[in-house]
Protein chains: 2
Amino acid sequence: MTAPQRTWAGTTLTDRRATRRRQLIEAGLELLGSHGTSAVSVRAVCRTAKLTERYFYESFDDRDALLLAVYDQVAQQAHEALVAAVANAPDDVTELVRAAVTSFVELIIDDPRKGRVLLLAPLTDPALIRRGSELLPSFTTLIHDQLPASIDGTDRRLSAVGVTGALTNLFTGYLNGTLDVPRERLVEHCVQLLLDAARA
Amino acid sequence: MTAPQRTWAGTTLTDRRATRRRQLIEAGLELLGSHGTSAVSVRAVCRTAKLTERYFYESFDDRDALLLAVYDQVAQQAHEALVAAVANAPDDVTELVRAAVTSFVELIIDDPRKGRVLLLAPLTDPALIRRGSELLPSFTTLIHDQLPASIDGTDRRLSAVGVTGALTNLFTGYLNGTLDVPRERLVEHCVQLLLDAARA
DNA sequence: TAGGATTGACAACGACCGTAGTCAAGGCGA
DNA sequence: TCGCCTTGACTACGGTCGTTGTCAATCCTA
């Protein structure tokens, strides 16, 4: 029994709701990525998005739902960037890995807020912890799957978790400025890391 | 012009203040290690420590000062455990590294709250970010220093940050139960990680 | 025992939180 | 033009926050 979608100011109701939802998510990204979880309050999000609280609850059940939406959106973008890079890469394994790493690094350089959402937020925010332990290993898995696999299950897991952590810390350091290193150098180091992990 | 330290209930004023300070730090450890930064409010700390807010400000300038004190205490303990392990270890390099890793793993098994304070809190809490980027690399450095060093500065730094991240993620996963692996297996993997890093 | 040191309980300030509700002003299609 | 849909501004509730202050009870030493 959906209403006949009568138009309004040239757009339908669903369109306008979707736009507002996007604005809220963008505001959430800004706050989460720039000032951390504690900065993401319903009021702050609405202030940033220039929308009323009423519209918040139009699109999200509660604060946590927004957090998840922000994270999922960024994770989705990262996933797409990786898949695209891997798909377009030449056959050479090293080049493949380099393409994947580069695409990821570019994503988090282009918008460090996204990097922080992806890498840092899920480490401590209760609402995101489960999500975080799904995505980042899948980053490693995505690449591992492209490579000859001859390692036993547990070691594979240990290795994946380790490599993931190494990459996380390297990227995080790069984001913070803690790790002052040219981008190519960072990329190259990560590539070697992944190749070594796959060989071992 | 210190007062003559007249005694009270068998203890001096300085003693009682120190005791209260310890209680507050212990409460902070409990809250920070078990429920994260956001759980560490002045009121909650005082409730947990069974002390009045007045005594909080007797020992700490503000909330952040307590956070730092908690972190520094745990970091100090970790440092001491590492130094002790390294000092008592045999000459064999592998055994040395194994001793260091074991001592650290035991610390965070014995009291997972400390592990979380050490590994997670400094990643996101504004007050601790600087502290965190000092200590954990020093963990790696402590071991690196025991080993033949033949790598150039930047690579050394990249390697240290990477290894630190790998260890962090492995320990964190172990703490969370996300990484379901026997302790010896974890230790052994970390040992190999460190040895490989030193060789490369 | 008198008197000051020390303690605990608690109130107060202004601010922000999540969430829900009200109400008037305006825009739009019929 | 009429009447409904949509919008923004606003208020309200009960709660927690950091921080400072008050005040009566208690304890010890001199």
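These numbers come from a predicted model, not from an experiment. Below, chain A is the first sequence line, B the second, and so on; all start at residue 1.
For B/Asp62, there are no salt bridge (Lys or Arg N to Asp or Glu O under 4.0 Å) partners, not counting sequence neighbours. By the salt bridge (Lys or Arg N to Asp or Glu O under 4.0 Å) test, A/Arg113 pairs with A/Glu26, A/Glu30, A/Asp111, sequence neighbours left out. B/Asp72 is linked by a salt bridge (Lys or Arg N to Asp or Glu O under 4.0 Å) to B/Arg131, counting only residues two or more places apart in sequence or in another chain. Shown here are the side-chain hydrogen bond (donor to acceptor under 3.5 Å, both in side chains) partners of A/Gln73, two or more places apart in sequence or in another chain: there are none.
Comparing the axis of the opening five pairs of the helix from C/dT1-D/dA30 to C/dA30-D/dT1 with that of the closing five pairs yields an angle of 10°, rounded to 10°.
Between the side chains of A/Asn169 and B/Thr164, no donor N or O sits under 3.5 Å from an acceptor N or O.
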Anything under 3.5 Å between a donor and an acceptor, one on a side chain of residues 101-110 of chain B, the other on a protein residue two or more places apart or in another chain? List them.
residue: B/Thr102; atom: OG1; partner: B/Arg98; partner atom: O; Å: 2.6
residue: B/Ser103; atom: OG; partner: B/Ala100; partner atom: O; Å: 2.8

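Side-chain N/O atoms of B/Tyr55 include none lying less than 4.0 angstrom from OP1 or OP2 on C/dT6. Applying the 4.0 Å criterion to OP1 and OP2 of C/dA20, one finds that A/Tyr57 has every side-chain N and O outside that range. Side-chain nitrogen and oxygen atoms of A/Arg63 include none within less than 4.0 Å of the OP1 or OP2 phosphate oxygen of C/dT19.
Taking only distance into account, the side chain of B/Arg54 never meets the base of D/dG21 through a donor-acceptor pair shorter than 3.5 Å.
Applying the side chain to side chain donor-acceptor pair (under 3.5 Å) definition to pairs two or more places apart or across chains, none involves residues 170-182 of chain B. Identified under the side chain to side chain donor-acceptor pair (under 3.5 Å) test for residues 46-55 of chain B, with sequence neighbours left out: none.
The interatomic distance linking B/Asp64 (CG) with D/dT19 (C1') rounds to 14 Å, in whole Å. Atom CD of A/Glu53 is separated from atom C1' of D/dA9 by 10 Å (rounded to the nearest Å). Rounded to a whole Å, the CD atom of A/Glu58 is 10 Å from the P atom of D/dG8. Per the geometry, CZ belonging to B/Phe60 stands 14 Å off P belonging to D/dG18, to the nearest Å. Between the CG atom of B/Asp61 and the C1' atom of D/dT20 there is a distance of 14 Å, rounded to whole Å.
Scanning residues 25-52 of chain B for heavy-atom distances under 4.0 Å to DNA chain C yields B/Arg43, B/Thr52.
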